[in-house]
Structure formats: structure tokens, C-alpha cells
Asks: 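Mind looking over this structure? Questions follow.
Chain identifiers are assigned alphabetically (A, B, ...) following the order of the sequence lines, protein sequences preceding nucleic acid strands; residue numbering begins at 1 within each chain. Keep in mind that this is a model prediction, so the values were computed, not measured.
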Number of protein chains: 2
Amino acid sequence: MYKIKEVAKMLGVSTATLRYYEQEGILPNIKRVNGIRVFNDEDFKWLRVLNCMKKINMPIKKIKEYIDLAMMGDSTLKERYHLILEQKEFIKAEIAKLNNCLKEFEYKEWYYKTAIKAGTEAAVKNMPKSSPTLEIDEIPVKIKRKDL
Amino acid sequence: MYKIKEVAKMLGVSTATLRYYEQEGILPNIKRVNGIRVFNDEDFKWLRVLNCMKKINMPIKKIKEYIDLAMMGDSTLKERYHLILEQKEFIKAEIAKLNNCLKEFEYKEWYYKTAIKAGTEAAVKNMPKSSPTLEIDEIPVKIKRKDL
DNA sequence: TCTTGACTTAAAGTCCACTTTAACATATAT
DNA sequence: ATATATGTTAAAGTGGACTTTAAGTCAAGA
């Protein structure tokens, strides 16, 4: 059983953020003792899920939607299932994109290493198709988070 | 050689966004023909890198810093190398976190599948430690993007 | 010629996710 | 007893990344 400050510290967020989350309805059912928030195991379980949803940039509104569905009970199971599936696919796509970015940065790492060795960037620029790691040439089209 | 609208379409962003990027200095050296922006191969190369930097949520200011260093020439090679390394490590950490989130969502997928089969959530809740995929129990502490 | 569409700039507006402030209550330590 | 720390709420403020608006230029087609 923890009070807000301890929870905030554990999560690496501010107390204001936790209060804001509660206000927005994405941190529901927090019990009060003498008007003071007390977080229990259930709350921590949800915080772990919330953490994931925030990590993938789900808007607060969307998270709220999910909670509202959950509050309605078994009748919304399928809807929640689809929402979760959708987000799962989104994460997968996201990881793929980040892996591409990682390659780009690994190329840059090699680029600068080589340039530093040579003392000048010009040396690397004149090596055509010189990258050991970079093969991607197209720019992926941006898909906005709010679309999902 | 493309004009702004075509470029915007290719990238999946608005023309306003591209103009805004140029204004903020993260889309430098775009040539004009009769006052109209014309994007060349060099610009596309940079757009691919920019795309990666945006993908990992590098703030515009930080991207600008990188560009400013690049503009200064060979004297900033080491600094740029370190910036890139830092970002590379950040992406790696990010991918690791997303993989954890993926697990969480895969667990939820299983959870809802099972609940739907049973017709009620209660059935799943009463299976203790029932998850086939979820082992993580702690909530990762949030590290804010601006710290890097 | 005139309208349509694509371009330009500068400035103001919007949205989201917090963050800060102010005013107050309660609890613990010296 | 009194200072310090932590908690509370409601409301206003902030920062970042665009987005929209307004006013204008220019080129091609009917």
C-alpha cells in the first residue's frame, strides 16, 4: 500500500502526472484513506498495462475508451479483444520501423568512425555505396498515431 | 526534382509541415526556382535521416543541433559521432521496451481469447499465473525523451 | 481574359500532455 | 506548540509540434 509520492518515484513520473491521469479517467478506482490516495496491488497491475499503452503513444482518450469498455463487463470482451489486437499489430510495425532507424544510425556510426579516422568527411563521401549496413533507400511513409 | 506537394505526398506529411521544418532549420539548403522550393537527391537523403530522427522522437531542437554541427564541418566530427552513438543506444533501449510491451499485449490477446471462449472474464481471472507469455512483473521506470 | 490550382510568407490558432500555482488540510518531527 | 512535509482540489499556464488562416504571386488551361 503506497501513497502517491512513492508510486510516482517508482514509476519515474511526477505526482501531478498521476493525479492528472486519475482526473482523465485512465487511473480509475484508486481508494482513499482520509481523502488520501492509496495504491494497492490491483492499481499496480493496471499501472503496468497503462505504462505499455503510454509507451506506444496511445492517446489518453483511446486508453479511456478501453477502460470504459472494461467497466461495462463481459459484453465488451470482443471489442476489447479487437482493440488489443490492433495495438499489438501497431507495436510490431513500430518495432520494425525502429529497427530500420537503428540501421540508419549504425550506418552513421560507421560513417563518422571512418571520417574521424581519415580526419575528414570528404573521404567517406567519396566512397560510393560504401556502407556496410545500409541498404534501404526509400523513405517510409508516415502513418499518424491517431489513425489507430 | 520535386515540388513541395509531391514530396509531402511521398512522405505522408503535409506541405505545411515541410515548410515548418524548413523554418525551424531542420530541412536546410532547399533550393528555390522562381521562389519555389525544389527538392533534389541530397534533400531526399537528408529526409530519410530526418525521418529516423523524428521516428525516435528527437526534439526538433536536438535535430537542429546536429545540423548546426554538421554545418561547421570536420571540426565537429567527434561531437556528431557521440550524438549519433547516444541516439543509437536510445533506439536499442526503446526497441527492448517495445518488445516488453508487445509481450504484455500478447498476454492480453490470450486473456481475451480465453475469456471470449469461456463467455466471461471471471473464468480467466480465476486461473492463477495463467499466462503463457507474461513473466515480467515490474513496471519499468520512465525515462523522459528530453534527457537524451 | 479569367479562373483554377499550386506555390509563397507571416502570424495566429489548436491540440495534447502535462506542469505550475494557489489555497488549504493533515500528519509527523523537534 | 510549531515548523516541515505531504497530501488535497481547481484552475491556469506551458511547450512542442504542428495546422490554419489570410493575403498575395504566378503559370497553365478554357
Side-chain angles (χ1 to χ4, degrees), chain A residues 1-40 43 47 49-67 141-148, chain B residues 1-40 43 47 49-67 87 90 141-148:
Chain A
M1 304 304 132
Y2 297 90
K3 280 191 271 179
I4 200 163
K5 207 190 178 184
E6 305 162 281
V7 178
K9 202 177 175 185
M10 289 184 212
L11 303 181
V13 301
S14 74
T15 57
T17 300
L18 291 175
R19 292 196 190 100
Y20 167 70
Y21 285 174
E22 193 193 38
Q23 188 179 292
E24 294 300 302
I26 63 168
L27 201 45
N29 307 323
I30 305 296
K31 271 163 205 144
R32 310 292 178 106
V33 175
N34 298 331
I36 287 171
R37 291 173 185 83
V38 174
F39 293 74
N40 60 31
D43 300 326
L47 279 169
V49 178
L50 179 57
N51 179 70
C52 281
M53 293 184 163
K54 295 246 72 200
K55 186 82 236 158
I56 62 174
N57 289 318
M58 265 179 83
I60 286 180
K61 263 191 190 174
K62 187 96 190 181
I63 299 175
K64 181 73 166 35
E65 266 174 57
Y66 173 75
I67 290 178
V141 172
K142 190 168 181 177
I143 288 137
K144 304 217 167 141
R145 186 60 187 87
K146 62 186 173 194
D147 297 344
L148 254 189
Chain B
M1 306 298 137
Y2 297 91
K3 280 191 272 181
I4 199 163
K5 207 190 179 184
E6 306 162 281
V7 178
K9 202 178 176 184
M10 289 184 212
L11 302 182
V13 300
S14 74
T15 56
T17 300
L18 291 175
R19 292 197 190 100
Y20 167 69
Y21 285 174
E22 193 192 38
Q23 189 178 292
E24 296 301 302
I26 63 168
L27 200 47
N29 306 324
I30 306 296
K31 271 164 205 144
R32 310 292 178 105
V33 176
N34 297 331
I36 288 172
R37 290 174 185 83
V38 174
F39 292 74
N40 60 32
D43 299 326
L47 279 169
V49 178
L50 180 56
N51 178 71
C52 281
M53 293 183 163
K54 295 246 72 199
K55 186 83 236 159
I56 62 173
N57 288 317
M58 264 178 84
I60 287 180
K61 265 192 190 174
K62 187 96 192 183
I63 300 174
K64 180 74 166 34
E65 267 174 55
Y66 173 75
I67 291 177
Q87 298 307 318
F90 178 81
V141 171
K142 191 170 184 177
I143 290 135
K144 304 217 167 141
R145 187 62 186 86
K146 62 184 170 194
D147 298 342
L148 256 188

Asks: Does D/dC18 have OP1 or OP2 under 4.0 Å away from a side-chain N or O of B/Y21?
Replies: yes

Asks: Regarding A/K61, tell me which of base, sugar-phosphate or nothing describes its non-hydrogen contacts under 4.0 Å with the strands shown.
Replies: nothing

Asks: At under 4.0 Å, does any side-chain N or O of B/T15 touch on OP1 or OP2 of C/dA6?
Replies: no

Asks: Roughly how many Å is it from CD in B/Q23 to P in D/dA17, rounded to a whole number?
Replies: 13 Å

Asks: Under 4.0 Å between a side-chain N or O of A/R37 and OP1 or OP2 of D/dT9?
Replies: yes

Asks: Looking only at side-chain N and O atoms, does B/T17 come under 4.0 Å of OP1 or OP2 in D/dC18?
Replies: no

Asks: At their closest point, which heavy atom of A/E6 faces which heavy atom of A/K3, and how far apart are they?
Replies: OE1-N, 2.8 Å

Asks: Would you please confirm or rule out a distance under 4.0 Å between OP1 or OP2 of D/dT25 and any side-chain N or O of B/R32?
Replies: no

Asks: Please name the residue in the list A/V13, A/D43, A/T15, A/L18 that meets the side chain to side chain contact (heavy atoms under 4.5 Å, CB included) test with A/V7.
Replies: A/L18

Asks: Using a cut-off of less than 4.0 Å, is there contact between a side-chain N or O of B/Y20 and OP1 or OP2 of D/dT20?
Replies: no

Asks: Which of the following nucleotides, D/dG7, C/dT20, C/dA17, is nearest to the side chain of A/I60?
Replies: C/dA17

Asks: Of the options D/dT20, C/dT8, D/dG7, whose atoms approach the side-chain atoms of B/A16 most closely?
Replies: D/dT20

Asks: Quick one: which of C/dA17, D/dC18, D/dT9 gets closest to the side chain of A/K54?
Replies: C/dA17

Asks: Determine: side-chain N/O of B/N34 to OP1/OP2 of D/dC26, distance under 4.0 Å, yes or no.
Replies: no

Asks: Please examine the side chains of B/K54 and B/I60, heavy atoms only from C-beta on, and report whether any two atoms are closer than 4.5 Å.
Replies: yes

Asks: Side chain of B/P59: nearest nucleotide among D/dA17, D/dG7, C/dA17?
Replies: D/dA17

